[in-house]
Student: 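Okay, handing you the structure first.
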Amino acid sequence: MSYKFSESLKRNIDFQSVYKKGKSYANKYLVMYVLENRMEKNRLGISVSKKVGNSIVRHKVTRLIRESYRLHENIFNSGLDIVVIARSSASSVSYWEIESALLHLAKLHHIIKK
RNA sequence: UAAGCAGCACAGACAAUCGCAGCUGCAUGUGCCGAAAGGCCGCAGGUGAGGAAAGUCCGGGCUUCACAGGGCAGUAUGCCGGAUAACGUCCGGUGGAGGUGACUCUAAGACCAGUGCAGCAGAAAAUAACCGCCUGAUUUUUCAGGUAAGGGUGAAAAGGCGGGGUAAGAGCCCACCGCUUCUUUGGUAACAGAGAAGGCUGUGUAAACUCCAUACGAAGCAAGACCGAACAGAAACGAUACAGUUGCCCGCUGUGUUUCGGGUAGGUUGCUUGAGCCUGUUGGUAACGACAGGCCUAGAUAGAUGAUUGUCUGAUACAGAACCCGGCUUACAGUGCUGCUUAUUAU
RNA sequence: UGGGCUAUCGCCAAACGGUAAGGCACCGGACUCUGACUCCGGCAUUUCAAGGUUCGAAUCCUUGUAGCCCAG
């Protein structure tokens with residue numbers, strides 16, 4: 001998977017460093033960790049636990065988060081490692097709610113361009 | 001019309017916009033990244049999850065390792081015949097169980113090879129005598145013997161029922177049924193039918209050990225193959241530069257260069273043309289096979305199918321390929337079709 | 001993705017196919033002026049679930065569910 005301006009976060013070490021050093025905000029459906037990575041591009045990691053549901057549900061949630069990030073990729077600041085974790089209440093939710101939750105968390109982090 | 005039985009098919013469709021991953025064709029800069037292997041960048045077209053992709057319960061392919069040959073152990077299977085690459089699967093049949101029926105279910109070899117177990121209750125759970133019945137003795141409640149018809153217990157009680165017989169009884173004898181053995185007929189066989197004989201030597205349990213027959217080497221694509229920074233190692237080269245080994249020389253060791261082979265991170269491959277799918281003819285009761293023609297139909301690698309809008313609608317379930325096939329099991333909203341059974345009504 | 005293990009009371013757990021031990025906790029009582037200690041009594045009703053074998057299953061067989069571990 002590739003994005004226009006971003007990459008995906010792959011290695012476990014990167015995830016752990018974001019969890020340890022980054023800041024986090026949360027709302028009803030999602031949790032977001034953000035850490036500056038001294039690169040030009042953003043790196044996005046999505047994590048959906050087994051508690052959320054079976055493989056179909058987890059895959060669906062992953063796609064919704066990725067799609068809502070992709071459609072608003074240009075308004076995010078660059079040079080960030082972002083990890084989005086889906087909570088179990090996100091299992092049966094439409095695209096619009098995921099999108100608004102993602103943008104709400106981005107505002108709390110102040111990582112949206114003005 | 002109602003209630004059922006068996007089998008098969010489908011698993012939202014269409015359009016527009018944005019987006020993802022392979023493939024094919026065209027284009028292709030002495031472009032970019034990298035040590036190398038290799039990767040990336042443009043345009044167009046077409047393709048892109050299931051009936052269970054699931055559980056991982058069986059079997060096989062494929063790969064690596066082991067292996068002269070055989071046996072033991074271990075595990076699995078277990079009526080008969082067939083299908084198949086193979087199977088614990090499937091098909092056809094036999095016996096048994098259930099249902100009025102269509103039909104469904106069935107781990108269904110051997111307790112006359114041996115060992116074990118059968119709690120409680122009961123006289124007794126396999127070398128049957130507690131009560132009872134009968135005979136004899138004793139004479140007034142006991143002893144000796146005969147006896148499996150009756151009693152109650154238990155999941156299970158010593159072939160069943162009727163008659164004869166007897167002191168009382170008993171397959172002790174007889175008829176019918178059951179059982180065992182033999183003969184014969186049909187069937188490839190399991191087995192079924194018929195006839196004769198034996199008087200019946202004896203419970204259940206092998207999803208208890210076991211016996212018999214058959215099968216099985218082990219591990220798994222994170223298998224394995226190739227390229228290969230780092231790093232441990234070996235060899236060669238050295239005018240001698242530096243450091244160490246005793247102050248110096250020789251010698252030795254390390255740093256150095258080259259080569260070799262091993263190989264981590266990483267990358268490439270394995271990877272999708274296959275016991276493949278569709279149509280027709282044909283062999284077979286069927287599972288399945290043969291022939292002819294046509295088709296190419298996902299291949300990701302932190303993991304591709306999504307989002308929005310509109311129209312239709314009853315539109316909603318269970319659910320996501322990860323090396324590949326054949327099965328089994330489990331989950332599941334509904335819709336349609338075919339054949340059959342039973343009941344009721346009408347003709 | 002592949003391989004392996006476990007499940008019994010609120011917790012820790014035992015159990016030859018024949019009544020589901022025991023400890024802690026909890027509840028009631030005794031002792032004490034009161035509490036603790038101690039003593040006595042009580043506490044499993046679908047042994048993770050569903051089928052099967054058996055006269056009889058926590059135990060044997062099959063299928064599932066949940067949890068845990070190993071291989072990066």
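Labels below follow one simple rule: chain letters A, B, ... track the order of the sequence lines, proteins then strands, and each chain is numbered from 1.
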Student: Could I get the full list of side chain to side chain donor-acceptor pair (under 3.5 Å) partners for A:Tyr95, not counting sequence neighbours?
Tutor: A:Glu99

Student: Report the distance from atom CD1 of A:Ile65 to atom C1' of B:rG19, rounded to the nearest whole Å.
Tutor: 17 Å

Student: Going by purine N1 to pyrimidine N3 plus the second Watson-Crick contact, or the G-U wobble pair, all under 3.5 Å, which nucleotide sits opposite C:rU34?
Tutor: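 No nucleotide pairs with C:rU34.
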
Student: In whole angstrom, give me the gap between the C1' atoms of B:rG263 and B:rC295.
Tutor: 47 Å

Student: Starting the side chain at C-beta, find the nucleotide from B:rA307, B:rC18, B:rG320 nearest to A:Lys60.
Tutor: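 The nucleotide sitting nearest to the side chain is B:rA307.
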
Student: Based on the glycosidic angle (syn within 90° of 0, else anti), state the conformation of B:rC130.
Tutor: anti

Student: Quantified in whole Å, what is the C1' atom distance between nucleotide C:rC24 and nucleotide C:rA13?
Tutor: 11 Å

Student: Please list, chain by chain and in numerical order, all residues satisfying side chain to side chain contact (heavy atoms under 4.5 Å, CB included) with A:Ser100, sequence neighbours excluded.
Tutor: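 Counting only residues at least two positions away or on another chain, A:Ser100 forms no side chain to side chain contact (heavy atoms under 4.5 Å, CB included).
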
Student: Roughly how far apart are A:His110 NE2 and A:Tyr25 OH, rounded to 0.5 Å?
Tutor: 6.0 Å

Student: Going by purine N1 to pyrimidine N3 plus the second Watson-Crick contact, or the G-U wobble pair, all under 3.5 Å, which nucleotide sits opposite B:rG145?
Tutor: B:rC134

Student: Does C:rC5 pair with anything, Watson-Crick or G-U wobble, both distances under 3.5 Å, and if so, with which nucleotide?
Tutor: C:rG67

Student: Counting side-chain heavy atoms from C-beta on, which of B:rU309, B:rA304, B:rA307 comes nearest to A:Tyr95?
Tutor: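 Minimum distance to the A:Tyr95 side chain belongs to B:rA307.
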
Student: Using a 90° cut-off around 0 for syn, call B:rG198 syn or anti.
Tutor: anti

Student: What is the distance, rounded to the nearest whole Å, between atom CD of A:Glu67 and atom P of B:rU17?
Tutor: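 After rounding, the reported distance stands at 16 Å.
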
Student: Measure from OH on A:Tyr69 to C1' on B:rA307 and round the result to the nearest Å.
Tutor: 17 Å

Student: Which pair of non-hydrogen atoms, one from A:Ala86 and one from A:Ile65, has the smallest distance, and what is that distance?
Tutor: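 So the two residues come closest at CB-CD1, 4.4 Å.
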
Student: Does A:Trp96 or A:His59 map to a spot on RNA chain B nearer the 5' end, using the closest nucleotide for each?
Tutor: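 Per heavy-atom nearest nucleotide, the more 5' residue is A:His59.
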
Student: Does B:rU147 adopt a syn or an anti glycosidic conformation, taking syn as a chi angle within 90° of 0?
Tutor: anti

Student: Please determine, for B:rG7, whether a Watson-Crick or G-U wobble partner exists with both distances under 3.5 Å, and give it or none.
Tutor: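 Matched B:rG7 with B:rC337 under the 3.5 Å cut-off.
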
Student: Using the rule given for side chain to side chain contact (heavy atoms under 4.5 Å, CB included), can you reason through A:Asn27 versus A:Met32, listing the C-alpha separation, both sets of side-chain angles and the distance that settles it, and then say yes or no?
Tutor: CA-CA 9 Å; A:Asn27 60 18; A:Met32 184 187 271; over 6 Å; no

Student: May I have the distance from A:Arg58 (atom CZ) to B:rG303 (atom P), rounded to whole angstrom?
Tutor: 14 Å

Student: Counting only side-chain nitrogens and oxygens, does A:Arg66 get under 4.0 Å of the OP1 or OP2 atom of B:rA304?
Tutor: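 For B:rA304, OP1 or OP2 has a side-chain N or O of A:Arg66 closer than 4.0 Å.
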
Student: Is B:rA243 paired to anything, Watson-Crick or G-U wobble with both distances less than 3.5 Å, and if yes, which nucleotide?
Tutor: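 Pair assignment: B:rA243 / B:rU253.
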
Student: Would you compute the distance between atom CG of A:Leu105 and atom NZ of A:Lys107 and round it to the nearest 0.5 angstrom?
Tutor: 11.0 Å

Student: Please give, in whole Å, the distance from B:rU308 P to A:Leu71 CG?
Tutor: 10 Å

Student: Say we look at B:rA223 and B:rG61: how far apart would their C1' atoms be, to the nearest angstrom?
Tutor: 14 Å

Student: Determine the Euclidean distance between corresponding C1' atoms of B:rU301 and B:rC14; express it in Å to zero decimal places.
Tutor: 35 Å

Student: Across all strands, who's sitting opposite B:rC72 as a Watson-Crick or G-U wobble pair, both distances under 3.5 Å?
Tutor: none

Student: Using atom C1' in both nucleotides, what's the gap between B:rG187 and B:rU281 to the nearest angstrom?
Tutor: 35 Å

Student: Using the glycosidic torsion, which applies to B:rA49: syn (within 90° of 0) or anti (everything else)?
Tutor: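 Because its glycosidic torsion lies within 90° of 0, B:rA49 adopts the syn conformation.
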
Student: Between B:rA333 and B:rG12, how far is it from one C1' atom to the other, in whole Å?
Tutor: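 To the nearest whole Å, 13 Å.
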
Student: Would you mind calling C:rU59 syn or anti? Take O4'-C1'-N9-C4 for purines or O4'-C1'-N1-C2 for pyrimidines, and syn is within 90° of 0.
Tutor: anti

Student: Output the distance between atom CG (A:Leu102) and atom CZ (A:Arg66), rounded to the nearest 0.5 Å.
Tutor: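 So the CG of A:Leu102 and the CZ of A:Arg66 are separated by 13.0 Å.
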
Student: If B:rU272 has a Watson-Crick or G-U wobble mate with both distances under 3.5 Å, name it; if not, just say none.
Tutor: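 Partner of B:rU272: none found under 3.5 Å.
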
Student: Under 3.5 Å, is there an N or O donor on one side and an acceptor on the other linking the side chain of A:Arg63 and the base of B:rG19?
Tutor: no

Student: How many Å lie between NE2 on A:His72 and C1' on B:rA307, as a whole number?
Tutor: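 About 11 Å, once rounded to whole Å.
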
Student: What is the distance, to the nearest angstrom, from the CG atom on A:Leu64 to the P atom on B:rG19?
Tutor: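 The distance from CG of A:Leu64 to P of B:rG19 comes to 18 Å, rounded to the nearest Å.
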
Student: Applying a 3.5 Å limit to both distances, which nucleotide forms a Watson-Crick or G-U wobble pair with B:rA307?
Tutor: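 Pairing partner: B:rU17.
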
Student: For A:Lys23 and A:His109, work out which heavy atoms get closest and say how close.
Tutor: O-CE1, 3.4 Å

Student: Between C:rG51 and B:rU338, how far is it from one P atom to the other, in whole Å?
Tutor: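 Going atom to atom, P in each nucleotide, I get 38 Å.
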
Student: What's the gap between B:rA83 and B:rC87 when it is taken at their C1' atoms, as a whole Å value?
Tutor: 12 Å

Student: What is the distance from CD of A:Glu99 to P of B:rG19, rounded to the nearest Å?
Tutor: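 Atom CD in A:Glu99 sits about 16 Å away from atom P in B:rG19.
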
